[in-house]
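The structure follows.
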Amino acid sequence: MSTPSNTTASAVALAAVLALTGCAGYGQPSAATQVAQTPAGPTAASSPAEAPALATPCNAQPAQFAVGQSSTATVLESARVRSGAQMARILRPGQMITKEFNAQRLNLEVDATGRIIAVRCG
(Lines give C-alpha, C1' and ligand atoms only; values in the text may rest on other atoms or scores of the structure.)
Protein backbone atom coordinates (compact mmCIF):
# COMPACT_ATOMS: atom_id res chain seq x y z
CA MET A 1 0.00 0.00 0.00
CA SER A 2 1.38 3.41 -0.88
CA THR A 3 1.32 6.38 1.39
CA PRO A 4 0.67 9.94 0.20
CA SER A 5 4.35 10.83 0.66
CA ASN A 6 5.45 7.83 -1.47
CA THR A 7 2.99 8.80 -4.20
CA THR A 8 4.24 12.39 -4.19
CA ALA A 9 7.86 11.25 -4.30
CA SER A 10 7.09 8.91 -7.19
CA ALA A 11 5.33 11.66 -9.09
CA VAL A 12 8.25 14.06 -8.60
CA ALA A 13 10.74 11.40 -9.69
CA LEU A 14 8.64 10.57 -12.77
CA ALA A 15 8.39 14.27 -13.70
CA ALA A 16 12.17 14.68 -13.35
CA VAL A 17 12.86 11.63 -15.53
CA LEU A 18 10.45 12.86 -18.22
CA ALA A 19 11.97 16.34 -18.17
CA LEU A 20 15.50 15.00 -18.55
CA THR A 21 14.47 12.58 -21.28
CA GLY A 22 12.95 15.41 -23.27
CA CYS A 23 16.19 17.40 -23.08
CA ALA A 24 18.51 14.49 -23.90
CA GLY A 25 18.64 15.13 -27.64
CA TYR A 26 18.22 18.90 -27.58
CA GLY A 27 20.54 20.67 -30.01
CA GLN A 28 21.62 17.53 -31.83
CA PRO A 29 20.44 16.69 -35.35
CA SER A 30 17.94 13.90 -35.67
CA ALA A 31 18.81 10.64 -37.40
CA ALA A 32 16.86 11.78 -40.46
CA THR A 33 18.91 14.99 -40.67
CA GLN A 34 22.17 13.08 -40.30
CA VAL A 35 21.21 10.73 -43.13
CA ALA A 36 20.27 13.65 -45.37
CA GLN A 37 23.67 15.30 -44.78
CA THR A 38 25.66 12.16 -45.57
CA PRO A 39 26.96 11.99 -49.17
CA ALA A 40 25.03 9.57 -51.35
CA GLY A 41 28.10 7.58 -52.34
CA PRO A 42 31.53 7.85 -53.93
CA THR A 43 30.28 10.08 -56.75
CA ALA A 44 28.56 12.63 -54.50
CA ALA A 45 31.06 15.45 -55.25
CA SER A 46 33.55 13.77 -57.55
CA SER A 47 32.01 15.14 -60.74
CA PRO A 48 33.71 18.37 -61.93
CA ALA A 49 30.31 19.84 -62.80
CA GLU A 50 29.15 19.42 -59.20
CA ALA A 51 32.35 20.51 -57.46
CA PRO A 52 32.16 24.05 -56.02
CA ALA A 53 34.18 26.63 -57.91
CA LEU A 54 37.28 27.83 -56.13
CA ALA A 55 36.90 31.50 -55.35
CA THR A 56 39.64 33.80 -56.55
CA PRO A 57 40.90 36.36 -54.05
CA CYS A 58 40.04 40.02 -54.38
CA ASN A 59 42.35 42.14 -56.58
CA ALA A 60 41.99 45.85 -55.77
CA GLN A 61 44.00 47.08 -58.78
CA PRO A 62 41.14 46.84 -61.36
CA ALA A 63 38.83 48.68 -58.92
CA GLN A 64 41.10 51.73 -58.53
CA PHE A 65 38.94 53.56 -61.10
CA ALA A 66 36.54 54.25 -58.20
CA VAL A 67 38.97 56.54 -56.34
CA GLY A 68 37.62 60.10 -56.51
CA GLN A 69 34.08 59.00 -57.39
CA SER A 70 30.99 59.29 -55.23
CA SER A 71 30.21 56.14 -53.25
CA THR A 72 26.99 55.09 -55.00
CA ALA A 73 25.61 51.57 -55.14
CA THR A 74 26.46 51.43 -58.85
CA VAL A 75 30.12 52.37 -58.28
CA LEU A 76 30.36 49.93 -55.35
CA GLU A 77 29.00 47.03 -57.42
CA SER A 78 31.12 47.88 -60.45
CA ALA A 79 34.26 48.00 -58.30
CA ARG A 80 33.32 44.69 -56.65
CA VAL A 81 32.82 42.96 -60.00
CA ARG A 82 36.06 44.32 -61.47
CA SER A 83 38.04 43.26 -58.40
CA GLY A 84 36.63 39.73 -58.44
CA ALA A 85 35.54 40.07 -54.80
CA GLN A 86 32.49 38.23 -53.53
CA MET A 87 31.45 41.16 -51.31
CA ALA A 88 32.19 44.84 -50.88
CA ARG A 89 31.67 47.44 -48.21
CA ILE A 90 32.01 51.19 -47.77
CA LEU A 91 34.09 52.36 -44.82
CA ARG A 92 33.09 55.80 -43.55
CA PRO A 93 35.22 58.04 -41.29
CA GLY A 94 34.84 57.05 -37.63
CA GLN A 95 32.72 54.02 -38.48
CA MET A 96 33.26 50.93 -36.35
CA ILE A 97 34.31 48.01 -38.51
CA THR A 98 35.38 44.42 -38.14
CA LYS A 99 39.14 43.99 -38.45
CA GLU A 100 39.37 40.40 -39.64
CA PHE A 101 40.96 39.96 -43.03
CA ASN A 102 38.71 38.52 -45.72
CA ALA A 103 40.43 37.84 -49.05
CA GLN A 104 37.04 37.88 -50.78
CA ARG A 105 36.01 41.38 -49.62
CA LEU A 106 36.61 44.76 -51.27
CA ASN A 107 36.76 47.81 -48.98
CA LEU A 108 36.00 51.27 -50.34
CA GLU A 109 37.17 53.93 -47.90
CA VAL A 110 35.35 57.25 -48.23
CA ASP A 111 35.81 60.76 -46.83
CA ALA A 112 33.18 62.80 -44.97
CA THR A 113 31.57 63.87 -48.27
CA GLY A 114 31.19 60.29 -49.53
CA ARG A 115 34.02 60.43 -52.08
CA ILE A 116 36.08 57.25 -52.38
CA ILE A 117 39.63 57.90 -51.20
CA ALA A 118 41.03 54.33 -51.14
CA VAL A 119 40.23 50.89 -52.50
CA ARG A 120 41.66 47.83 -50.73
CA CYS A 121 40.96 44.16 -50.36
CA GLY A 122 40.44 42.59 -46.99
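Here the structure is a predicted model, which means the values were calculated and not measured.
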Shortest non-hydrogen pair, Pro93 vs Val110, comes out as CD-O, 3.3 Å

So which atom in Arg105 and which in Glu100 form the shortest heavy-atom distance, rounded to 0.1 Å?
NH2-O, 2.8 Å

Looking at CD of Glu109 and CD of Gln95, how far apart are the two atoms once the value is rounded to the nearest 0.5 Å?
10.5 Å

Would you name the heavy atoms of Ser83 and Leu106 that are closest together and state the gap between them?
OG-CD2, 3.8 Å

Say you draw a straight line from CD of Gln64 to CD1 of Ile116; how long is it, rounded to the nearest 0.5 Å?
10.0 Å

Please report the interatomic distance CD1(Ile117) to CG(Asp111), rounded to the nearest 0.5 Å.
6.0 Å

Looking only at heavy atoms, what is the nearest atom pair of Ser78 and Phe65, with distance?
OG-CZ, 3.5 Å

Atom of Asn107, atom of Gly122 and distance for their closest heavy-atom approach
ND2-C, 3.3 Å

Spacing of CG belonging to Leu76 relative to CD1 belonging to Ile90, to within rounding of 0.5 Å
5.0 Å

Nearest 0.5 Å please: distance from the OG1 atom of Thr56 over to the CD atom of Gln86.
8.0 Å

Could you check if a side-chain atom of Arg89 sits within less than 4.5 angstrom of a side-chain atom of Thr98, using non-hydrogen atoms only?
yes

Nearest heavy-atom approach of Gln104 to Ala85 is O-CB, 3.4 Å

Find out if a path of hydrophobic residues (ILVMFWY) with successive side-chain heavy-atom gaps under 4.5 Å connects Leu91 to Val119.
no

